[in-house]
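These numbers were taken from a predicted model, which means no experiment stands behind them. The chains referred to below are lettered A, B, ... by the order of the sequence lines, with proteins before strands, and numbering in each begins at 1. Every heavy atom of this structure was used, including side-chain atoms; hydrogens, water molecules and symmetry mates were not.
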Number of protein chains: 2
Amino acid sequence: MGSGSNMSYHMSSMTKTPALAPDRFSDRMETLLNRADRLCAAKGVRLTALRRQILGLMLASDQPLGAYELLERLQTSHPGAAPPTVYRTLDFLLETGLIHKIERLSSFVPCTHTLDHDHSHEGEGIHATQFLICSQCSHVTELEEPAILSAILEASRNAGFRLRQSTIEIEGLCAACAGSQAGADKDHGHSHQESRRTPR
Amino acid sequence: MGSGSNMSYHMSSMTKTPALAPDRFSDRMETLLNRADRLCAAKGVRLTALRRQILGLMLASDQPLGAYELLERLQTSHPGAAPPTVYRTLDFLLETGLIHKIERLSSFVPCTHTLDHDHSHEGEGIHATQFLICSQCSHVTELEEPAILSAILEASRNAGFRLRQSTIEIEGLCAACAGSQAGADKDHGHSHQESRRTPR
DNA sequence: TTTTGAGTTGATATAATATAACATTCTCTC
DNA sequence: GAGAGAATGTTATATTATATCAACTCAAAA
Ligand SMILES: [Zn+2]
Ligand SMILES: [Zn+2]
Ligand SMILES: [Zn+2]
Ligand SMILES: [Zn+2]
């Protein structure tokens with residue numbers, strides 16, 4: 001029951017990405033996805049069509065997406081997809097460092113550091129990032145502040161704690177939202193899309 | 001269907017704590033609970049018997065407890081309790097700052113800073129704490145490192161972000177667990193109780 | 001080419017976490 | 001004691017996540 005056009009093709013990439021309606025993303029996103037391709041190839045893991053598709057959906061969103069939101073979007077090109085499909089893919093993307101989980105939202109965002117810069121993070125220490133989460137527009141910004149990391153390393157060391165991983169989630173108002181309610185407390189319209197998930 | 005003995009009593013405290021099998025905790029814990037009493041009184045909210053009981057259960061645990069673990073324990077003294085009872089109480093305790101939620105564990109711990117020191121945190125700025133979470137024994141330590149907070153404030157300010165709340169969860173090995181597997185990688189027994197929740 | 005095995009995905013069921021909505025009881029005030 | 005507001009009881013359901021086993025894909029070995 002193949003959906004056609006997946007036989008006897010050739011691609012120059014090491015990590016063939018065939019089958020499954022590719023649902024072509026924007027050029028910008030294809031660039032990022034190709035970068036993800038190369039990163040996976042370098043790690044010896046495969047960015048399959050499904051994984052690429054889901055990563056693409058995440059890149060196409062300006063907000064963190066929950067597993068079931070992702071599932072819903074995936075189903076437009078992939079009817080019959082079920083939760084384990086999404087969760088397995090998310091696990092893969094988390095393990096390869098292509099995405100992050102925002103714990104307090106039970107949602108996921110692409111890793112901007114891994115994909116936006118062309119270098120991979122190999123050889124570097126812990127990829128300890130911080131997330132600025134706007135409680136009004138749900139926009140998330142990933143930071144990687146050395147000062148924060150070193151303060152945490154210092155505190156851990158003082159406590160005799162052997163750090164393996166850290167989660168830093170900062171909730172508040174992004175610049176746009178803070179600006180738009182500067183003098184007053186009312187909600188003017190502003191550039192960011194409104195959240196369709198009630199912030200908790 | 002009252003379980004008896006809850007009529008016409010008198011207590012000197014402002015925040016009467018009657019009814020419901022008190023399930024007397026240790027002296028140490030009663031001290032902490034009484035402190036919580038005073039804190040609530042000062043805030044004009046009520047630490048009812050149920051809330052006191054649940055906070056006591058949390059204080060009695062050396063590990064974070066999930067809502068359903070708490071429910072299970074509550075039911076020994078409070079048969080028929082249901083999830084909303086626990087979640088509502090947790091909401092109250094979170095709002096009054098008596099406990100914290102560990103997001104990555106979907107679990108809760110008492111706030112050591114609020115209860116261990118006798119001062120309340122009124123007048124102080126944000127109660128921004130950090131949690132060291134041992135992935136082996138599940139023990140959680142609450143820190144309040146000024147250096148971490150100021151690094152975060154600084155980073156937020158630079159990003160034009162108006163911070164309201166921050167979650168910092170540091171996962172790794174506590175001193176005890178790190179020590180016990182120092183040279184080798186095997187799991188010797190050590191002082192902390194083993195986790196009965198598989199760390200994720 | 002066929003086989004084979006690891007990795008990936010499909011599919012069904014269910015677990016674990018959390019909330020909605022409304023009824024009842026409690027507490028304080030009048 | 002009656003009334004109002006807070007707290008709790010109760011039932012049902014929503015949301016998030018995982019377990020399990022079957023089927024398929026792909027790449028390399030035979
Ligand atoms: Zn990142
Ligand atoms: Zn915003
Ligand atoms: Zn605290
Ligand atoms: Zn430990």
In whole Å, I'd like the distance from the OH atom of B:Y87 to the P atom of D:dA12.
19 Å
Atom pair distance, as rounded to whole Å: CG in A:D91 and P in D:dA19
10 Å
In whole Å, I'd like the distance from the CZ atom of B:R51 to the C1' atom of C:dT27.
12 Å
Rounding to a whole Å, what distance do you find between B:F108:CZ and C:dA16:C1'?
13 Å
Does atom CD (B:E72) have a neighbourhood of more than 12 heavy atoms from anything else shown, all under 6.0 Å?
no
For A:T85 and C:dT9, is the shortest distance between a side-chain N/O and OP1 or OP2 below 4.0 Å?
no
Can you tell me the distance, in whole Å, between the CG atom of B:L47 and the C1' atom of D:dT8?
15 Å
Please work out if A:F92 contacts a base, only the sugar-phosphate, or nothing of the nucleic acid, heavy-atom cut-off 4.0 Å.
nothing
Could you check which of D:dG9, C:dT19, C:dT8 has an atom nearest any side-chain atom of B:L50?
D:dG9
Got a donor-acceptor pair under 3.5 Å from the side chain of B:Y68 to the base of C:dA15?
no
Has A:E103 got a side-chain atom pairing as donor or acceptor with A:T167's backbone, closer than 3.5 angstrom?
no
Taking only side-chain N and O atoms of B:R46, does any of them lie within less than 4.0 angstrom of OP1 or OP2 on C:dC26?
no
Write down the distance between CD1 (A:I102) and P (D:dA17), rounded to a whole number of angstrom.
13 Å
Separation of C:dG10 P from A:L71 CG (nearest whole Å):
11 Å
Option passing side chain to side chain contact (heavy atoms under 4.5 Å, CB included) with A:F131 (candidates A:V109, A:I170, A:T141, A:I168):
A:V109
Hey, would you say the B:H100 and B:H113 ring centroids sit under 6.0 Å apart?
no
Hey, does the side chain of A:T48 come within less than 4.0 Å of D:dT25's phosphate (OP1/OP2), counting only N and O?
no
Looking at C:dA18, D:dA17, C:dT8, which one has an atom nearest to any side-chain atom of A:A67?
D:dA17
Is the distance from OP1 or OP2 of D:dG9 to the nearest side-chain N or O of B:H78 less than 4.0 Å?
yes
Carboxylate-amine/guanidinium contact B:R52 B:E30, below 4.0 Å
yes
Between A:A82 and A:T89, name the one whose nearest nucleotide on DNA chain C is closer to the 5' end.
A:T89
Side-chain donor/acceptor contact of B:R88 with base of D:dG9 under 3.5 Å:
yes
Starting at atom CG of A:L90, determine the distance to atom C1' of C:dT9, rounded to an integer number of angstrom.
15 Å
Between C:dT17 and B:K101, is there an OP1 or OP2 to side-chain N/O distance shorter than 4.0 Å?
no
Heavy atoms from C-beta onward define the side chain here; which of D:dA17, C:dG10, D:dT10 lies closest to that of B:P84?
D:dT10
